Amino acid sequence: MSPLADIAVERHGARVVARLAGEVDVTNVGSVGRELIGAVPNDAHGLVVDLAATDYLDSAAIELLFDLSRRLHRRRQDLRLVVPAGSPLTRVLELTEVDTAAPLHETLAGALADR
């Protein structure tokens, strides 16, 4: 993993939670993407990416989120994002309309709730 980002993956019931800390940009987006998609077994309902400790996402990272959503959708799984209130990422995620591919939740509990 690039020194810019750390990923901690754990299972929460039917979902996989990946806590992403640091920065994701063009230099590490490939390895981050491989780790995230590889962390989701076929029996999981989907992936929750917790961005609470994420400082920066560049355009390559935004594209990764759209790509993850598409890949998971093909497997009949979904992608949900945790973006706490006041996060510096909120504005860029809203401007790029990431919420059209993956719903944004302010808390992990909200993202884990079945809807």
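All residue numbers refer to positions in the sequence shown, counting from 1. The structure presented is a predicted model; accordingly, all values stated were derived computationally and were not measured.
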Please tell me if the side chains of R75 and N42 come closer than 4.5 Å, counting only heavy atoms from C-beta onward. yes
Which residue pairs satisfy the side chain to side chain donor-acceptor pair (under 3.5 Å) criterion with at least one member in residues 46-61, sequence neighbours excluded? R19-D50
Approximate separation, where rounding is to 0.5 Å, of I37 CD1 and R71 CZ: 6.0 Å
Exercise: identify the closest heavy-atom pair between T100 and E97: OG1-O, 2.7 Å
On a heavy-atom basis, which atom in R15 and which in V48 lie closest, and how many Å separate them? CD-CG2, 3.9 Å
Heavy-atom pair with the smallest gap, counting every atom of F66 and T96: CZ-O, 3.4 Å
Roughly how far apart are D78 CG and H45 NE2, rounded to 0.5 Å? 9.5 Å
Using the side chain to side chain contact (heavy atoms under 4.5 Å, CB included) definition, which of the options L72, L68, L79 pairs with L36? L68
Between V16 and V40, the two heavy atoms sitting closest are CG2-CA, 4.2 Å
Which of these passes side chain to side chain contact (heavy atoms under 4.5 Å, CB included) with V24: L57, L4, I62? L57
Considering all heavy atoms of both residues, which atom of E23 and which atom of A5 are nearest to each other, and what is their separation? O-CB, 3.3 Å
Closest approach of A101 to S69 (non-hydrogen atoms, all atoms of both residues): O-OG, 2.7 Å
Neighbour count >12 (heavy atoms, 6.0 Å) for atom NE2, H73: no
Any side-chain to backbone donor/acceptor pair from R80 onto A113? Under 3.5 Å, distance only. yes
With heavy-atom distances below 4.5 Å as the criterion, would you say the side chains of E63 and V29 are in contact? no
To the nearest 0.5 Å, tell me how far L51 CG sits from H105 NE2. 11.5 Å
Measure the shortest side-chain to side-chain distance between V17 and V82 over non-hydrogen atoms and say whether it is less than 4.5 angstrom. no
